[in-house]
Number of protein chains: 2
Amino acid sequence: MKESIGIKQIAKLAEVSIGTVDRVLHNRGGVSKITEQRILDVVKKTGYKKNTVASRLRLGTHKKVKIAVLIPEATDNWGYWELPKKGMDKAAEELKDHGIEITYFYFSDPLVFMSMSRKMLSTHFDGIVTVPFFTPESDRLFRKAREKKVPVVFLDTRITLGHPGYFICQDAHQAGLVAGRLLHGLVGEGVYIVLNIVNAKGLHENNRQRENGFREFLNAVNRKGKIEVYTINYPLNQPLEAIPDVAKLLKDERSKGVFVTNSRAYMLPPVFRRYGVTDVPVVGFDLNKENMECLKREEIAFLINQKPEYQGYNAIKGLFKFLTEEDASELHVDIPVEIVVKENLHIF
Amino acid sequence: MKESIGIKQIAKLAEVSIGTVDRVLHNRGGVSKITEQRILDVVKKTGYKKNTVASRLRLGTHKKVKIAVLIPEATDNWGYWELPKKGMDKAAEELKDHGIEITYFYFSDPLVFMSMSRKMLSTHFDGIVTVPFFTPESDRLFRKAREKKVPVVFLDTRITLGHPGYFICQDAHQAGLVAGRLLHGLVGEGVYIVLNIVNAKGLHENNRQRENGFREFLNAVNRKGKIEVYTINYPLNQPLEAIPDVAKLLKDERSKGVFVTNSRAYMLPPVFRRYGVTDVPVVGFDLNKENMECLKREEIAFLINQKPEYQGYNAIKGLFKFLTEEDASELHVDIPVEIVVKENLHIF
DNA sequence: CTGAAAGCGCTTACAG
DNA sequence: CTGAAAGCGCTTACAG
């Protein structure tokens, strides 16, 4: 790490002014082929890297990097979406002096998602962060943004797009495998129940993939054919014990374990108590208050954390880095499948 | 986030020059009480925060932050210590333009630790990162550094010092509790074995605390008195099956699970094979190559990761932040007790 | 097509 | 005790 050369030495070596060097470095045009080549040669030979601190001092105060964030309303899903936002605010705070400006937009359904998308695209933003709950609408936003060369970072859920996009999310299928491993370790042979929430929008992609992973794991270990897996899709906002299927399965003493593919595992323990069900471990997702209480009371065995704050933090940090240094390396983030038990809870 | 005021506006509001403002801000002295107070009032009123980017452009090129790192030789412990170093190098790379310089020192035993300590303290360093394997020696380094107002950050192991220090490490007792939870979930009642490595230096603090945590957990769940825990302290570099205690216990069919308090869990599966032991789950520490192979082959059930790279990265980032912004918030880091199974392995 | 100059906000050496 | 000026490395508006 020798005294790293700066733009000034590049200029001297190429026998031009620093202004011309900068023009080449930023493809601002208006430089003759011959001098351009000379400069590029020197840049290459010296391994010049711009001083990001100096660059940002200059740029940060002149023009901020503007990022638009479009996430679900906080009313949705126990305020889960406040957590990524918290992470994004933290990142923004850290990048304050580097020049960043985040504008938040919120959606509740595909229509609002689309109208917010339009609003974001008509204003000038350097980058967009959003959540692809609605595949066709997300794809449309992605395509339009692409035409304008505005990068889009998707959080939480992976969907298939026409072109490769930036995703910061947990591998839901893998999370399902892990859940299978954990529950099978506690339960062994017997009947497993997968509990999905189905709301008006149908089953979320993540939930589907989690179930698939879970079933794949159990299938692989089911050598003696003594493992059975039943899926229950229950409608949100309906008491669990009112649903015949659920009641029947929970009362069945062969039932050995339950995998809740969403963040509402905490709904089970009261039902268990009501039916006198004991020793049926539950594996669920997300560290909401209710789930954490259940974990502490050992009514839930394992929770899987998606690290929502970390997702948001990374999205902003990574996008900023991409926009200022053309480095996209931090925009493909596989969120670890973080396993949480009662004993390692408080540190998250 | 209004146009944050800078030192220039502070100077104008306090009717002094920016030089004087800076003198007050940095306690450089030579300012009359009255102007000092006037400036401090304005600073307070406006909520001025220095622009770290500008500050670092200026300082980063003039005087680098110099950090000394004293860690175990890489030959020790399967090159575990290359990992924190890797994290530190990554942090240094990110802070390159901000002006940082890391010098590495290595130790193998208390004597070398002491002589390196002396060397570090006689040179001028702004901060020190080290690993407190040897309590009295570490305490001495800590005290000497404290006299010189040089902050010390300890990695890996928590020890008790005369004054509160900065530690970036996993709570070993908590990790033991987690191990207890995991192994008990797989095993239930029966005989548990705790395997410690004892080398010339005796049992490491971390191993002791892990065992304590493990025993505490099993004790708490041992309501019917059907759980027994045996500890084996075996000398490093001796074949496991050659030790009578180990052989006896492993052959005992009541043995249900083994907790290896160090990073050598991979030594067990070959012994198991030799004695025809099956279905005895193993929980161990650290993601070294051998352990990961065993995890993949399902010969180890769970590994606990101490995130060594992350420890190193955080130490440098946190120390740099403390040295440049007097913000010590990132120097107390509780490393999560990260639970790793076969299915969530590859993402780490 | 190219250069010289101003300035981002902070820090410090120098002059008074 | 205080101020004016130079400069960190980069970027850009302006002049030629």
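So you know, we letter chains A, B, ... as the sequences are listed, proteins then strands, and number each from 1. Just so we're clear, the structure is a prediction, and the values are computed from it rather than from any experiment.
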message: Which nucleotide wins on minimum distance to the side chain of S17(A), given the candidates dA4(C), dT11(D), dT11(C)?
response: dA4(C)

- request: Taking atom types as modelled, find out whether D89(B) and Y104(B) have a side-chain donor-acceptor pair closer than 3.5 angstrom.
  value: yes

message: If the cut-off is 4.0 Å, is T35(A) near the phosphate of dT2(C), judged by side-chain N/O to OP1 or OP2?
response: yes

message: Taking Watson-Crick (N1-N3 plus N6-O4 or O6-N4) and G-U wobble (N1-O2, O6-N3), each under 3.5 Å, can you produce the dot-bracket string of DNA chain C? Use [ ] for crossing pairs and | for inter-strand ones.
response: |||.||||||||.|||

message: Side chain of T20(B) only, heavy atoms from C-beta on: which candidate in dG3(C), dC8(C), dT2(D) is closest?
response: dT2(D)

message: Rounded to whole Å, how long is the line connecting atom NE2 of H98(A) with atom C1' of dC10(D)?
response: 15 Å

task: Using atom types as modelled and distance alone, determine if a side-chain donor or acceptor of D126(A) lies under 3.5 Å from a backbone N or O of K66(A).
output: yes

query: With under 30° as parallel and over 60° as perpendicular, where do the rings of H163(A) and F142(A) fit, or are they tilted in between?
result: tilted

- prompt: Counting just side-chain N and O atoms, does Y48(A) come under 4.0 Å of either OP1 or OP2 of dG9(D)?
  reply: no

query: Is any NZ, NE, NH1 or NH2 atom of the basic residue among K63(B) and E101(B) found under 4.0 Å from an Asp or Glu carboxylate oxygen of the other?
result: no

message: Using a 4.0 Å heavy-atom cut-off, does I18(A) contact any base of the nucleic acid, only the sugar-phosphate backbone, or nothing at all?
response: base

- prompt: When all nucleic acid strands are considered with a 4.0 Å heavy-atom cut-off, which category describes V16(A): base, sugar-phosphate, or nothing?
  reply: sugar-phosphate

query: Just to confirm, is there a sub-4.0 Å distance from OP1 or OP2 of dC10(D) to any side-chain nitrogen or oxygen of S55(A)?
result: no

field: Residue K50(A), side-chain atoms from C-beta onward, closest of dC10(D), dT2(C), dT12(C)
entry: dC10(D)

task: Look at all strands and tell whether N51(A) reaches a base, only sugar-phosphate, or nothing, counting heavy atoms closer than 4.0 Å.
output: sugar-phosphate

- prompt: Is there a donor N/O on one and an acceptor N/O on the other, under 3.5 Å, for the side chain of R23(B) and the base of dG3(D)?
  reply: yes

message: Can you identify which nucleotide, out of dT12(D), dC10(D), dC10(C), has its nearest atom closest to the I7(A) side chain?
response: dC10(D)

task: Give a yes/no answer on whether the side chain of S32(B) brings an N or O atom under 4.0 Å of OP1 or OP2 in dC1(D).
output: no

field: Short side-chain N/O contact from K63(A) to OP1 or OP2 of dT12(D), under 4.0 Å
entry: yes

- prompt: Going from CE on M88(A) to CG on L155(A), what distance comes out if it is rounded to the nearest 0.5 angstrom?
  reply: 5.5 Å

